[in-house]
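Right, one structure below, let's go through it.
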Amino acid sequence: MKGFTTKIVHNDRQRAIEHGAVHKPVHTSVAFGYRDARDLAAVFQGEQSGYTYGRQVNPTVDALEDKISSMEDGIKTVCFGSGMAAIGTAIFSLLRPGDHLISSAFLFGNTNSLFTTFDAQGIKVTFVDATSADMVAAAITPATKMIFVETIANPRTQVAALEEIGALCAQKGIVYVVDNTMTSPYLFQPKNVRASLVVNSLTKYIAGHGNALGGAITELGLYDWAQFKNISQTYRKGDSQLWGITQIRKKGLRDFGAALAPEVAHHIAIGAETLALRMQRQCDNALALTKHLVCHPKIEKVYYPGLSDHPQHRRSAELFRHPGAIFSFELNPEVDLWRFLNRLKVVINSTNLGDNRTLAIPVAHTIYFEMGAERRASMGIKDQLIRISAGIEDLQDLIADLDQALD
Ligand code: PLP
């Protein structure tokens with residue numbers, strides 16, 4: 001089975017099928033019992049596969065994890081209660097005080113906030129312009145253990161030098177973490193740029209319906225964890241490709257407890273089946289809307305990797321199937337931001353992205369408000385900047401809505 005959607009839709013049936021069920025059933029039991037207590041002990045000790053307690057894994061969550069591994073062409077996935085839980089838990093499990101983390105400076109606001117918290121706890125964090133591999137290389141120190149980038153950055157849509165950073169990490173033995181949320185595995189597989197771990201907020205494109213929070217970390221099998229000193233002795237057994245993700249599941253998910261509920265995993269799995277169909281339409285809408293807005297006299301600037309004047313237009317075309325479904329634009333200074341937003345009738349004033357509905361948000365006043373004016377300026381975020389997450393609505397309705405609000 002080769003096609004992206006064919007694999008997602010049929011993935012559950014690669015395993016033992018329960019009662020002929022076409023869909024993976026929702027298993028809500030928190031605990032799992034064994035007739036022979038020795039089997040329970042063997043599962044606990046990692047000698048036998050199986051389920052023990054829902055905080056670590058559950059059959060419904062496990063099925064979703066398999067599905068995400070298949071989408072990312074990875075070897076193992078761990079799911080969490082949100083995208084932030086996935087990022088936080090992965091870093092908490094793998095880094096120690098004194099370690100150095102290099103992060104793209106163009107970052108989702110909460111990830112930026114989380115990294116400043118880690119920095120205050122003793123993990124040194126350096127934010128660099130990751131559109132340039134030279135800038136990233138210049139920031140590497142002997143203590144650098146991890147490099148973290150997003151594919152297309154929020155909200156100005158910069159595209160990181162994903163391939164060059166991958167080569168750098170491979171050469172230096174640094175763990176390379178790529179947040180694929182903005183592209184989703186349909187547009188881009190970070191394995192192609194030699195990522196070690198992939199982050200996905202399942203809340204966004206993978207679920208698509210905006211009715212479930214979830215996150216995932218996928219091990220791609222390209223990093224040899226035997227060289228990573230922070231893997232505890234307990235997890236240094238078996239295939240060394242799996243040591244990192246095992247420590248994330250055991251030290252991170254089990255001990256920290258940010259588990260994904262099976263009912264939520266079920267909702268995400270249903271959404272995931274239509275990822276390619278939705279994403280195709282959302283990207284088409286984003287491209288058509290940006291081409292329309294670029295010519296509008298009340299718009300100062302449009303940021304979208306699909307436009308030929310975008311600084312990373314060529315890189316985006318080389319790396320991604322489509323340039324994504326997120327774009328942002330600055331209104332002319334004389335246009336009242338609030339009046340424009342309040343006149344939208346189809347587009348919804350809301351945070352979140354990847355929903356089937358088109359969403360608009362004035363980023364400087366909301367998701368990037370807390371980081372302060374100075375950091376916003378360094379990220380190129382102006383007060384008149386609006387981020388749009390293109391939905392699946394009919395294009396003409398979206399164009400008409402934006403036009404009437406601008407008029
Ligand atoms: N990563 C990126 C790029 C995001 O945009 C977001 C949320 O918007 C997250 C991670 C966090 O995901 P969640 O909201 O599921 O915690």
Side-chain angles (χ1 to χ4, degrees), residues 61 64 68 72 77-92 101 103-118 127 130 148-160 162 177-188 190 195 197-218 252-253 256-261 264-265 267-268 271-272 275 279 282 286 303 305 320 324-328 350-355 357 359-363 366-371 379 381 387-391:
V61 177
L64 177 65
I68 295 160
E72 289 288 7
T77 294
V78 178
C79 280
F80 299 85
S82 70
M84 288 315 302
I87 299 170
T89 310
I91 290 167
F92 163 83
L101 165 70
S103 167
S104 168
F106 309 123
L107 210 53
F108 170 54
N110 293 163
T111 310
N112 178 81
S113 163
L114 174 72
F115 287 177
T116 57
T117 304
F118 277 127
F127 293 102
F148 184 100
V149 297
E150 292 176 6
T151 50
I152 303 177
N154 242 311
R156 279 275 310 269
T157 72
Q158 297 95 336
V159 180
L162 293 160
V177 183
V178 176
D179 184 334
N180 200 22
T181 302
M182 295 279 273
T183 24
S184 90
Y186 177 62
L187 298 188
F188 176 61
L197 299 169
V198 185
V199 173
N200 276 293
S201 163
L202 307 176
T203 320
K204 315 297 177 192
Y205 294 104
I206 290 182
H209 42 62
N211 285 286
L213 277 165
I217 303 284
T218 302
L253 182 60
F256 229 44
L260 181 67
V264 179
H267 284 298
I268 293 170
L275 171 61
M279 199 87 213
Q282 286 167 300
Y303 302 97
F320 310 141
I326 300 291
F327 64 90
S328 54
S350 174
T351 188
N352 198 19
L353 53 93
D355 198 293
R357 293 142 189 80
L359 309 176
I361 187 159
V363 288
T366 54
I367 45 177
Y368 289 90
F369 179 73
E370 227 180 68
M371 66 169 51
M379 292 176 74
I381 300 174
R387 184 189 76 190
I388 300 281
S389 169

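We count ligands from 1, going down the list as the structure has it; atoms in each ligand are counted the same way.
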For ligand 1, is there an N or O atom under 3.5 Å from any N or O atom of [X]?
X: M84; answer: yes
X: F108; answer: no
X: T111; answer: no

What pair of heavy atoms forms the shortest contact from [X] to [Y], and how long is it?
X: I361; Y: S350; result: CB-O, 3.6 Å
X: D179; Y: F148; result: CB-CZ, 3.9 Å
X: I87; Y: V199; result: CG1-CG1, 3.6 Å

Have a look at K204 and tell me which of T181, N180, N352, D355 forms a side chain to side chain donor-acceptor pair (under 3.5 Å) with it.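 Among T181, N180, N352, D355, the one meeting side chain to side chain donor-acceptor pair (under 3.5 Å) with K204 is N352.
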Subset of ligand 1 atoms that lie under 4.0 Å from at least one heavy atom of S82: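 Those qualifying, in numeric order: 15 (O), 16 (O).
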By number and element, which atoms of ligand 1 are closer than 4.0 Å to a non-hydrogen atom of G214?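 Those of ligand 1 that fall under 4.0 Å from G214 are 15 (O).
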Identify the closest protein heavy atom to [atom]: which residue and atom is it, and at what distance?
atom: atom 10 (C) of ligand 1; answer: D179 OD2, 3.6 Å
atom: atom 13 (P) of ligand 1; answer: G83 N, 3.4 Å
atom: atom 12 (O) of ligand 1; answer: S201 OG, 3.1 Å
atom: atom 14 (O) of ligand 1; answer: K204 NZ, 3.6 Å
atom: atom 15 (O) of ligand 1; answer: T203 OG1, 2.6 Å
atom: atom 5 (O) of ligand 1; answer: N154 ND2, 3.3 Å

Please say which of T218, I206, I68 ends up in a side chain to side chain contact (heavy atoms under 4.5 Å, CB included) with P185.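 The passing option is I206.
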How does V199 reach ligand 1, if at all, at less than 4.0 Å between non-hydrogen atoms: by side chain, backbone, both, or neither?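 V199 to ligand 1: no contact under 4.0 Å from either part.
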OG on S389 to OH on Y205, rounded to 0.5 Å: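 With rounding to 0.5 Å, OH (Y205) is 4.5 Å from OG (S389).
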Straight-line distance of L101 CG to F115 CZ, nearest 0.5 Å: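 If we round to the nearest 0.5 Å, L101:CG and F115:CZ are 5.0 Å apart.
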Would the distance check show the side chain of T89 and the main-chain N or O of A86 forming a donor-acceptor pair, the cut-off being under 3.5 Å?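 Side chain of T89 to backbone of A86, a donor-acceptor pair under 3.5 Å: no, none is there.
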